[in-house]
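Keep in mind the model is a prediction, meaning the values are calculated, not measured. Note on naming: letters A, B, ... go to the chains in the order of the sequence lines (proteins, then strands), and numbering restarts at 1 for each one. Just the heavy atoms: all of them, side chains too, but no hydrogens, waters or symmetry mates, feed the values below.
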Amino acid sequence: MGFKETGVLTLEDMMRAGLMPSEERLRKGPVALLECPEQIPCNICVSACPFKAISMDKIYDLPRLDENKCVGCGVCVAKCPGLAIFVVDVSKGDKAYITLPYEFLPKPSKGAKVKLLNREGKIVGEGVIVKAWEYEKTWVVTVEVEKNLWFDVRAIRIEGR
Amino acid sequence: MKAEVVVVGAGVTGVLTSAALFEKGIHNIVVVEKNYPGSGGSFRCATGIRASFTSREHIEVMKRAIELWPVISAKYGIKYSRDGYLWILTRERDVEFFKKVVEFQNSRGVPTRMIGPSQVQELVPTMRTDKIIAAVHDPMAGKASCFEAVLNLLAVLRKQGITILSNTQANKLIVENNVIKGVLTNKGIIHADQVLVAAGGESRDLLKTIGIDLPIRNLPKHVMVSETFKPLIKPLIINWSTSSYILQLLHGNFYIGADIPEEYDVEASNRLEFLRKAARVWSTYFPWLREVYILRYWTGYYDMTPDHHPIIGPIKEVEGLYVAAGFSGHGFMMAPAVAEALAEYMTGGKPVVREFENLNYERFTKGEVIKEIAVFG
Amino acid sequence: MTQQDPRKIIVCRCENVTLEQILRAIEEGFDSLELLKRKLRVGMGPCQGTTCLLMIARILMQKTGKSFEEVFLPVNRPPIHPVKLKNFIGGSREG
Amino acid sequence: MEDYRIVEHPIIDFKRGRKVSFTYNGKRVEAYEGESILAGLYAAGFRVFATSPQGDRLREAFCMIGRCSSCLSRVNGIPNTRICIEPVRDGLIVETQESLPDIPKVSREIVDVVEEIKDVDVLIIGAGPAGLKAAEILGGYGLRVLVATDHFRAGGQLVKQTHKFFGDTTYYGGVRGFKIAEKLISNLSRNPNVEISTRTFVYGYFKEGFFGAEKIGDPSLHLLIRAKYVIVASGASERSLLFENNDLPGIMGAGGAQTLMNEYGVKPGEDALVIGSGNVGLIVAYQLLQAGVRVHGIAEVLREIGGWFVHAAKIRRHGIPIFTGHTIVRAEGRDRVEKAVISQVGKDLKPLPGTEKEFNVDLVLLAVGLQPNYSLLSQMGALMKYLPEAGGLIPLRTRYMETSIRNVFVAGDLSGIEEATTAFIEGEIAAYTILEREGFAKAVEKRERILNYLWNEYRQSPVVQRSRDAKLKVTVSEEEMKRLRG
């Protein structure tokens, strides 16, 4: 079953669509994963990136990431209308750092403990918010997770106050 | 295709006549309908039924129809109710005129009577009566469901094996040696021993194909209908001085018609002038109508003859050809009596009501048009 | 059981007409929208057929094998939306 | 008293108006100015607003935008009032009406409606993305524009869209829908050439050469509008679906729920099931989560998710299952939905026995497509084509968005269901064509550039191929249109 049946993207899907940064780049530090495998007519990420790291010729092209220009700043995470961009950092020890968009309550804050959800919404662990900032009501939250979960964790749940 | 009888027009007259013919033993009937059954005048009419006319012919034919309406209502499950008619009068001269009308009607057994505003108030409690001088009440008049009249008959006819061809246009009558042979339609020829043309104003066009000129002209008419409410107004109310009327349909909608200046034989269009007249007249009598929503507005035609009476019966020049058209706005109410008369004619008999014979086509060629004590309603 | 009961499926909300009534009327030969409207009053309520008419047209096409044009005559006249009678009473002013 | 208003929302700051109170069947209900009566009642916990004409089935509102007529109530003695689009006011007396209502109660001093004749260059019907965009351009060139909308606020369906729009920044890509509406309306309010007339129902066109419209207000106006050009951008209505008890309170259009929770800040239910996984279904599921509603799943009759993957991924990662190859077979409950049952479908899309799944939900949202509001154009005599893949009856038009009636244009969902971006673009194309006819030579160049972008770039995206193909079927050449006009 493909992502059109499941609504869940696999690593293979990402590779096939040419959306996966190289392993070498992943090892270097934070980098954006553009989890946008359909040719939807949208180019917001292109204008969003302050480093001009994302490009497309026609509005319906898949986004292309210039992994050398991307610094993993997360601006595109805040601006992507599809909430389809994540920044992963697997360069630091045995932890991975995942930056993801968050549009729910309660509001995130640094140090808060969160449940970590995978692409199917299953709880795969607990993590801690290490950074959170907001852009037009979309929070960009960085969580620290076990390194092996770097491609799994795509959402968080902050337990109620 | 071959039939004993072809009926052109699946309006209320066509379907009731087909049913009457079936009962008289004519089973091979084909009904052709240009559009869909009822799509002409039948589904656009005000559904009122009365005998309070001003000619002997209308009165006698309608008295028979009023005898028959309860019969067909019971037989075919058509809602019918004798809720009366009310002509409200606002000018002295109209009162004088209507005194004569009532006298004439009473003399022919139609129980109309002149009443005062307070009696109007009793009959229609929510009505403002301060502008009314007098009114004429016809308690025998009533209303019926025009939808059920056509559709319930259709279901019966289908069960009886009668063929109903919708979207079938009769283009030409086929006549040989002054004998009808059939009808040419857009879907082919239907051979027949007898043909009944009951196609409203379009009967004229069809008869023209064999050189017979029915003096029928189409006059556009406008009506509108509101949302549905609890039963409130029983009689159909006519405002004589403005030539407009209101009734509450048996389904609950208020239905308003009003005459505005119109030309004969033009395509009817939707006109603000009509909405204004209908609204202004009837909101005076029923102030609460202001806050009622109008759901639909539509137009239709009265197929008018010079003496406002229909043409019913055999066309003498062509053996086997019959016509029922030119009802001048009264086709629905008459239909049961007309169907009975036609079935008599077409099976070699004569109508029970003798006045039908005066409604022949030849009256126009002989200059024997029907006299009324006044043109009325 | 997944056999759905057409008596419990509402097609026209305004006039409360069920799928069962529609299927039966079609079987009885009321095979166009105009006839169904008058037979069952579908689409003749206050919403003026906004939700149901096209749905009924699809049922008709499926059951009768007819084309859309054969079952559906879009006859729209003013008012296309219910309008209060009082609008036609007042006097004019140029605006 | 219960209050289902959303106090805190991650995206929307609900700025509620003055507190008002009214009575509903004799009970006092508190609400806020700016709410519809229905929203106020919903917030207070009412769920049933009417019955069927026979009185045997309960009715809740389905559309919440004045179309479905399932909320007709008596307001200050006036029956058949659509309370979903009637603003709440202090002291109103609201009552449910019997299946067949009594006649209106009117006071002695009735203020009659004043009739007003309006002459404008362009009449735009509909204040959604297409209508507002066209108004912005036309007003900018100095044409006198009247925008008529049914609702008591402009913006069309934009006002209930909380997500950031896709596309290009030229067409508000990256901006949330309701923010786009705010921006367009605020721009237009500064343009003296443009009048936005709310609560204005354009009920018909008369051959005498004008449109009739009822503008509800105090006092109400009857507008007779004469316009050189017309753009009909009246949008679309939500489709219903046939399943057992499909009229049970708690079943409503996805847009209906959006109106409640995003326009008025009222929670439409606690536990929801969504039917249909097109973009509308996916987006509404996400919005339900944001409003604090538990979403038990989405049923999709086809084998694949209907909407864009990114929308699907957004809800999947919050644990919402999408049941592809499933349809709803029935809803159960006494006076509102308590349970919904879905079933797998076979190749013929018919339910397969023995595959039922049950959900204890109080809300079932139908997101099974939209159908264009064609009736005004059809009444005017515009030629139409039945295109099921584009939602229903669609007006034929040239590539300049002109219908078979000269100087009458169409734009937005009425021209075939598509996305907001194309609604903006179609509004622009219609506007520039009008400007060309008014002698603005530069308009042609702008229009051609937009047309090129629309057809040769935007609509080349494979995910919009279906709507592109559909639109091609109703787009005819100038010559062909001339022939059709006869």
Side-chain angles (χ1 to χ4, degrees), chain A residues 1-9 13 17 34-48 57-61 78-86 100-108 116-123 134-139 152-157 160, chain D residues 6 8-13 162-171 173-176 179 277 279 282 286-287 289-292 298 300 302-322 324-325 419 421-422 453 456-465:
Chain A
M1 289 225 290
F3 61 82
K4 279 302 282 180
E5 284 89 35
T6 61
V8 171
L9 215 53
D13 290 328
L34 313 174
E35 301 196 356
C36 182
E38 285 178 310
Q39 289 173 269
I40 55 177
C42 179
N43 61 11
I44 300 304
C45 54
V46 175
S47 50
D57 293 333
K58 298 278 190 185
I59 193 162
Y60 56 83
D61 286 333
K79 289 194 171 179
C80 169
L83 308 187
I85 305 182
F86 303 85
L100 46 82
Y102 176 81
E103 293 187 330
F104 295 96
L105 294 174
K107 283 179 184 161
L116 305 170
L117 308 177
N118 69 5
R119 288 184 167 79
E120 293 172 42
K122 293 210 176 79
I123 296 171
E134 188 211 334
Y135 172 76
E136 298 199 336
K137 303 274 184 185
T138 304
W139 284 88
D152 293 326
V153 173
R154 283 301 173 268
I156 53 166
R157 186 182 302 152
Chain D
I6 301 162
E8 204 188 350
H9 190 279
I11 306 298
I12 314 165
D13 300 315
T162 58
H163 63 287
K164 292 173 181 163
F165 276 35
F166 291 78
D168 189 276
T169 49
T170 318
Y171 297 105
V175 185
R176 298 186 194 277
K179 290 278 176 195
S277 74
N279 278 347
L282 299 171
Y286 185 73
Q287 293 177 350
L289 286 181
Q290 289 180 316
I298 299 182
E300 165 59 53
L302 300 178
R303 300 287 149 188
E304 288 196 348
I305 296 164
W308 296 358
F309 164 77
V310 291
H311 284 308
K314 264 161 61 178
I315 57 160
R316 289 290 287 119
R317 60 182 178 251
H318 286 280
I320 300 178
I322 300 175
T324 54
E419 301 294 326
T421 299
T422 49
Y453 174 73
N456 300 329
E457 185 160 353
Y458 190 90
R459 282 190 183 142
Q460 293 295 322
S461 158
V463 298
V464 301
Q465 189 183 339

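- Residues A:P41 and D:T421 are not in side-chain contact: their nearest non-hydrogen atoms beyond the backbone lie 4.5 Å or more apart.
- Neither the backbone nor the side chain of A:I123 comes within less than 4.5 Å of any heavy atom of chain D.
- Ranking D:L289, D:I305, D:V310 against chain A, the residue ahead of the rest is D:I305, based on heavy-atom pairs under 4.5 Å.
- Within the model, atoms NZ of A:K4 and CZ of D:R303 stand 15.5 Å from one another, a figure rounded to the nearest 0.5 Å.
- Across D:A312 and A:G7, no two heavy atoms sit closer than the pair CB-CA, 4.2 Å.
- Taking each heavy atom of A:L117 and D:H318 in turn, the nearest pair found is CD1-ND1, 4.1 Å.
- Between D:R317 and A:A155 the shortest heavy-atom distance is O-CB, 3.6 Å.
- One distance of note links SG of A:C42 with OH of D:Y458; it measures 8.5 Å at 0.5 Å rounding.
- A search for salt bridge (charged side-chain N to carboxylate O under 4.0 Å, His left out) contacts involving A:K137 returns D:D13, not counting sequence neighbours.
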Working note: D:F309 + A:I40, criterion side-chain contact (heavy atoms from CB on, under 4.5 Å); need CA distance, chi angles, decisive distance, verdict. CA-CA 9 Å; D:F309 164 77; A:I40 55 177; over 6 Å; no
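- Heavy atoms closer than 4.5 Å to chain D are found nowhere in A:D13, neither backbone nor side chain.
- Neither the backbone nor the side chain of D:Y171 comes within contact range of chain A; no heavy atom of the residue lies under 4.5 Å from a heavy atom of that chain.
- For chain D, the option among A:N118, A:I156, A:I44 with the highest count of heavy-atom pairs below 4.5 Å is A:I44.
- Note on A:R119, A:E136, A:E120: by heavy-atom pairs under 4.5 Å with chain D, the leading option is A:E120.
- Neither the backbone nor the side chain of A:K122 comes within less than 4.5 Å of any heavy atom in chain D.
- Here the side chain of D:Q460 pairs no donor or acceptor atom with the backbone of A:Y60 at under 3.5 angstrom.
- The CG atom of A:L105 lies 9.0 Å from the CD atom of D:Q290; values are rounded to the nearest 0.5 Å.
- Closest non-hydrogen pair, A:S47 versus D:T169, comes out as OG-CG2, 3.9 Å.
- For the set A:E35, A:E38, A:R157, A:M1, the entry with the most heavy-atom pairs within less than 4.5 Å of chain D is A:E38.
- Of the atoms belonging to A:T138, heavy atoms from both backbone and side chain fall under 4.5 Å from chain D.
- Contact check on A:E103 versus D:R176 returns a salt bridge, with a Lys/Arg side-chain nitrogen under 4.0 Å from an Asp/Glu carboxylate oxygen.
- The CD atom of A:E5 sits 11.0 Å away from the CG atom of D:L302 when rounded to the nearest 0.5 Å.
- When the side chain to side chain contact (heavy atoms under 4.5 Å, CB included) test is applied to A:A17, the partners found at least two apart in sequence or on another chain are A:L19, A:L62.
- Nearest heavy-atom pair across A:K79 and D:K164 is O-CD, 4.3 Å.
- At a threshold of 4.5 Å between non-hydrogen side-chain atoms, the residues A:I59 and D:S461 do not count as touching.
- Using a 4.5 Å cut-off between heavy atoms, A:N43 touches chain D through backbone and side chain atoms alike.
- The contact between D:F166 and chain A is made by backbone and side chain atoms together, counting heavy-atom distances below 4.5 Å.
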